Structure formats: structure tokens, C-alpha cells
J.: 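Sharing a structure below in C-alpha cells format, with a few things to ask.
Not measured: the values here are computed from a predicted model. Start at 1 with the first residue, then count along the sequence.
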Amino acid sequence: MIEFKPDIKEGIVVYNAFEEGKNTGKVLLTVEKTKAVLVSIQAIDDETAEGLMRSALNAAANRDGYSCVYEPEEFRNVAKLLGFRNENGRLVGEIPFLLTGSCCGCKCQ
């Protein structure tokens, strides 16, 4: 079982992932007013990366974050599955929609 442990201080959200006591990932996100930036992510696999992203986005939403920019080069495929979209060369999204995820990046409903 993967465990996500937060360290949240004054607009900086850090989550570490642990599995069987071993650190398996980390995410760093900043929040200022309604804007969040997912600054970095490290993970052993896509599943851990997704859990870290969702944890950080949820923490941002609880601190009035509404929109988010995804900066890392790593795990962009996972970010796109969550619903981040390319806008002027950057991956962006609205946190409430990102937390619901998407099936495949399509526009179906």
C-alpha cells in the first residue's frame, strides 16, 4: 500500500510517497491566491505519480487554489490523463476538473 505524507507550509505543498517504509516519490506544488504551480515530481511509476499529483492538487484546492500550471517534464502523460491541457506551450488546468480526471483526454461526455 502506498502512503502519502504531507508537509504543507505557507503556500508550499510537499507530499512524499512511501511504500513498505521506502520513499518512492515526491511532489512539490506552490499556491498563491487562486493559482497553483506543480513545480516538480519524482516517482517510481505512473500510479505513484498520479497519487502524488492528486494529493497535491487536493491540498491546493483546500487553500483556495483553482488553476494549476504543470511545469515538470516528467509524467506529462499522467498529467494529460488527469486533464491538463496544452495552452500556449504550457500544461494548464482547473483544479476541480483535474481532480475528477478524464478517461482518455477526449472531449466526450
J.: Heavy atoms, side chains only, cut-off 4.5 Å: are D64 and K33 in contact?
T.: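 Answer no - side chains too far apart.
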
J.: Which value, rounded to the nearest 0.5 Å, describes the distance between E3 atom CD and Y15 atom OH?
T.: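 E3 atom CD to Y15 atom OH measures 11.5 Å (nearest 0.5 Å).
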
J.: Determine yes or no for a side-chain-to-main-chain donor-acceptor pair under 3.5 angstrom, with S55 supplying the side chain and G51 the backbone.
T.: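 Such a contact is found between S55 side chain and G51 backbone.
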
J.: Flag the pair V27 / Q42 as yes when at least one side-chain heavy-atom distance between them is below 4.5 Å, and no otherwise.
T.: no

J.: Could you check whether atom CZ of R90 has more than 12 heavy atoms from other residues, nucleotides or ligands sitting under 6.0 Å from it?
T.: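 Result for CZ/R90: open.
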
J.: So, taking the atom named CG in D46 and the one named CD in E74, what distance separates them when rounded to the nearest 0.5 Å?
T.: 12.0 Å

J.: Does one hydrophobic cluster hold both F75 and F4, with members joined at side-chain heavy-atom distances below 4.5 Å?
T.: yes

J.: Under a 4.5 Å side-chain heavy-atom rule over Ile, Leu, Val, Met, Phe, Trp and Tyr, are V13 and I2 clustered together?
T.: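 Linked, V13 and I2 end up in one cluster.
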
J.: Report yes if the side chains of I41 and M53 come closer than 4.5 Å at any heavy-atom pair, otherwise no.
T.: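 Yes - at least one pair of side-chain heavy atoms lies under 4.5 Å apart.
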
J.: More than 12 heavy atoms of other residues, nucleotides or ligands under 6.0 Å from CD of E32: is that the case?
T.: no

J.: Is there a continuous path of hydrophobic side-chain contacts, each under 4.5 Å between heavy atoms, that joins I8 to L38?
T.: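 Same cluster.
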
J.: To the closest 0.5 Å, what do you measure between OG (S40) and CD (E73)?
T.: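 It is 12.5 Å, given to the nearest 0.5 Å.
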
J.: Hey, quick one: are L57 and L28 part of the same hydrophobic cluster, counting side-chain heavy atoms closer than 4.5 Å, chains of contacts allowed?
T.: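 No, no single cluster joins them.
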
J.: Any ion pair linking E71 and R76 (charged N to carboxylate O, less than 4.0 Å)?
T.: no

J.: What's the spacing between K80 NZ and R85 CZ if we round to 0.5 Å?
T.: 13.5 Å

J.: Determine whether L99 and F84 fall in the same hydrophobic cluster, where Ile, Leu, Val, Met, Phe, Trp and Tyr are linked whenever their side-chain heavy atoms lie under 4.5 Å apart.
T.: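 L99 clusters together with F84.
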
J.: Rounded to the nearest 0.5 Å, what's the gap from CG on N16 to CG on L52? Could you check?
T.: 8.0 Å

J.: Within a strict 4.5 Å, meaning less than it, do heavy atoms of the Y66 and I95 side chains meet?
T.: no

J.: Specify the closest pair of heavy atoms between A17 and T48, including all atoms of both residues, with the distance to one decimal.
T.: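 Closest approach of A17 to T48, heavy atoms only: CB-CG2, 3.7 Å.
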
J.: I want to check a possible cation-pi pair here: K5 against F18, using under 6.0 Å from ring centre and within 45° of the ring axis as the test.
T.: yes

J.: Would you name the heavy atoms of A36 and A60 that are closest together and state the gap between them?
T.: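 Nearest pair, atom of A36 first, then A60: CB-CB, 4.2 Å.
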
J.: Counting only heavy atoms not in E19, do more than 12 sit closer than 6.0 Å to its CD atom?
T.: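 Buried by this count: over 12 neighbours within 6.0 Å.
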
